[in-house]
Novice: 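Would you mind keeping the following structure in view while I ask a few things?
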Amino acid sequence: MRLLFSALAAMLPTLGLADTLSRDPVVITTTPVLIERMPDGQHLNFDLTVANGSEEAIDIDRIELSVFNRDGALVLRRFVDGNGVRPSIGIIGERRIAPGQRLNVFNPFDTLAAELPVSMLRYDFELSNPDGSRSLRASVQASPRDYRNHAAYHTPLAGRFINYDGHDALGHHRRFDVEFAPIKAMGFKTNAMRYSYDFVPVDATGDMYRGEFGDNTAWFGFGAAVRAIGDGTVVAVENAQADNRQFDQSKLAEDKRVLFGNYVIIDHGGGEFGVYAHARQGSVTVKPGDRVRRDQTIAAIGASGSAFFPHLHFQLQDGPTLDAEGLPSYFQRFERVLGKHRVTRKQASIDTGEIVLAD
């Protein structure tokens with residue numbers, strides 16, 4: 001196997017810049033590159049969009065990441081490629097881009113070590129036409145921003161709850177592809193839920209409900225209080241939708257917020273807007289223009305809108321509508337539950353699957 005890999009590596013330099021696909025370039029852009037600091041490292045939750053300006057289809061064969069510190073020194077280099085029995089390039093999913101089309105690639109290097117000094121990222125792509133006879137290389141650079149909230153936030157729920165589905169590399173909130181044709185047809189151009197959470201109250205054993213899955217009242221959290229994570233001003237609410245776990249997809253073109261069912265959107269200042277979604281019908285206690293205080297009850301957990309079951313969908317974003325981009329949110333005053341052991345979190349995000357206790 002080592003000889004095979006060496007032979008393949010030796011062939012790569014023959015696919016040089018002179019033998020390119022077309023006179024038109026491949027253009028790579030990124031969504032905002034923010035660093036979300038979590039206990040296990042620095043998380044990079046952003047997308048790379050590859051636009052094919054050539055006259056034929058192209059395949060992504062290799063992506064290499066180079067990380068540089070503030071002095072311009074290389075501190076890390078990683079890649080995914082076509083080598084091996086089950087090549088790592090497969091993790092990006094679709095790799096072929098039709099002429100004149102764009103492909104969204106979720107950043108495959110989603111977590112970097114906490115101590116790594118990150119000042120600039122460079123992504124080098126190697127691409128080829130479908131039969132591999134011609135090749136092209138393209139790059140993009142990004143300077144990530146270490147994101148911090150402008151205020152101290154508390155969790156939007158009290159008591160014991162799980163982040164059932166968050167925004168890790170496998171979470172559906174993070175894997176919202178705005179270049180996917182059905183999503184584009186609905187008018188989505190950004191991922192406002194990029195850093196969102198699905199919070200579900202649980203009992204002492206970690207169970208979310210007892211009884212029938214389809215019975216909202218069987219869920220321990222149905223009707224539980226939802227509170228503001230910080231001070232702010234209410235900018236939008238909906239309170240009349242039934243807790244039937246459904247929404248009218250035809251209305252998305254008019255208002256993408258129908259996904260949320262009943263909701264409260266709060267301007268928390270500093271360009272940060274909190275979205276509290278799937279609230280119980282009739283439970284919203286505030287109206288647009290109201291000033292709210294941190295920990296104030298604003299609604300109750302329900303199952304309205306695009307809700308698979310009763311839960312609180314919470315996200316922080318940089319605007320009041322779903323044309324915004326998502327932002328990281330860090331919470332104070334909670335503990336992570338590890339069986340009988342507890343780990344205090346002073347200011348942290350909550351990862352998918354974590355069970356926490358909050359005052």
Side-chain angles (χ1 to χ4, degrees), residues 29-36 43-49 102 104 106-107 142 144-151 153 156 163 165-168 171-180 182-199 226 228-238 247 249 251-279 284 286 288-290 292 298-299 304-307 312-331 349-350:
T29 57
T30 73
T31 56
V33 183
L34 305 177
I35 296 176
E36 180 188 28
H43 286 228
L44 297 170
N45 178 345
F46 69 95
D47 308 335
L48 299 125
T49 302
R102 294 155 55 95
N104 218 33
F106 301 130
N107 171 34
R145 179 159 62 102
D146 196 348
Y147 195 82
R148 298 293 183 184
N149 297 134
H150 87 103
Y153 293 139
N163 179 15
D165 197 1
H167 51 268
D168 62 291
H172 78 281
H173 301 124
R174 187 265 176 275
R175 306 188 72 80
F176 188 76
D177 185 356
V178 298
E179 294 299 329
F180 182 51
I183 299 298
K184 293 184 75 170
M186 295 177 191
F188 289 95
K189 297 180 180 178
T190 61
N191 186 1
M193 66 180 76
R194 186 178 299 278
Y195 293 95
S196 59
Y197 312 82
D198 285 342
F199 289 140
V226 175
I229 63 168
D231 298 349
T233 302
V234 178
V235 297
V237 302
E238 175 59 53
F247 74 102
Q249 186 170 316
K251 294 183 178 179
L252 280 171
E254 303 171 19
D255 186 357
K256 301 181 186 70
R257 294 176 296 187
V258 297
L259 285 168
F260 295 147
N262 302 311
Y263 57 82
V264 179
I265 300 178
I266 299 175
D267 180 353
H268 288 294
E272 298 180 338
F273 293 76
V275 177
Y276 307 75
H278 308 316
V284 174
V286 294
D290 284 355
V292 297
I298 57 174
S304 58
S306 180
L312 171 67
H313 172 100
F314 174 79
Q315 65 193 48
L316 202 66
Q317 56 188 50
D318 64 8
T321 72
L322 278 183
D323 293 321
E325 259 291 350
L327 297 171
S329 50
Y330 304 98
F331 305 111
S349 177
I350 302 173

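Throughout, numbering of the chain's residues begins at 1 and tracks the sequence. When reading the values below, keep in mind they use all heavy atoms of this one structure, side chains included, and skip hydrogens, waters and symmetry mates. This is a predicted model, so every value here is computed, not measured.
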Novice: Just jot down the side chain to side chain donor-acceptor pair (under 3.5 Å) partners of Ser306, sequence neighbours excluded, or say none.
Specialist: none
Novice: Which residues pass the ring-ring contact (aromatic ring centres under 6.0 Å, His included) test with Tyr195, not counting sequence neighbours?
Specialist: His167
Novice: For the residue pair Phe260 and Tyr263, categorise the inter-ring angle as parallel (less than 30°), tilted (30 to 60°) or perpendicular (more than 60°).
Specialist: perpendicular
Novice: Could you list the residues that satisfy side-chain contact (heavy atoms from CB on, under 4.5 Å) with Thr49, not counting sequence neighbours?
Specialist: Thr29, Arg102, Asn104, Glu179
Novice: Asn107: what forms a side chain to side chain donor-acceptor pair (under 3.5 Å) with it, not counting sequence neighbours?
Specialist: Tyr123
Novice: Do side-chain atoms of Thr190 reach the backbone of Ala324 as a donor and acceptor pair under 3.5 angstrom?
Specialist: yes
Novice: Which residues satisfy the side-chain contact (heavy atoms from CB on, under 4.5 Å) test with Tyr147, sequence neighbours excluded?
Specialist: Leu34, Arg145, Asn149, Glu272, Leu327, Pro328
Novice: Do you know the tightest heavy-atom contact between Val292 and Ala228?
Specialist: CG2-CB, 4.2 Å
Novice: Not counting sequence neighbours, which residues clear salt bridge (Lys or Arg N to Asp or Glu O under 4.0 Å) with Lys251? List them please.
Specialist: none
Novice: List in chain and number order the residues that pass salt bridge (Lys or Arg N to Asp or Glu O under 4.0 Å) with Arg257, two or more places apart in sequence or in another chain; answer none if no residue qualifies.
Specialist: Asp255
Novice: For Lys189, check salt bridge (Lys or Arg N to Asp or Glu O under 4.0 Å) against everything at least two apart and list the hits.
Specialist: none
Novice: Is a side-chain donor or acceptor of His150 paired with a backbone partner of His268 at a separation under 3.5 angstrom?
Specialist: yes
Novice: Would you please name every residue forming a side-chain contact (heavy atoms from CB on, under 4.5 Å) with Pro288, sequence neighbours left out?
Specialist: Val237
Novice: Once salt bridge (Lys or Arg N to Asp or Glu O under 4.0 Å) is applied, do any residues pair with Asp231, and if so which ones, sequence neighbours excluded?
Specialist: Arg293
Novice: What pairs with Thr31 under side-chain contact (heavy atoms from CB on, under 4.5 Å), at least two apart in sequence or on another chain?
Specialist: Phe46, Asp47, Arg194, Glu325
Novice: Between Ile229 and Phe331, what is the shortest heavy-atom contact and its length?
Specialist: CG2-CE2, 4.1 Å
Novice: Could you tell me which residues satisfy side chain to side chain donor-acceptor pair (under 3.5 Å) with Gln315, sequence neighbours excluded, listed by chain and number?
Specialist: His313, Gln317
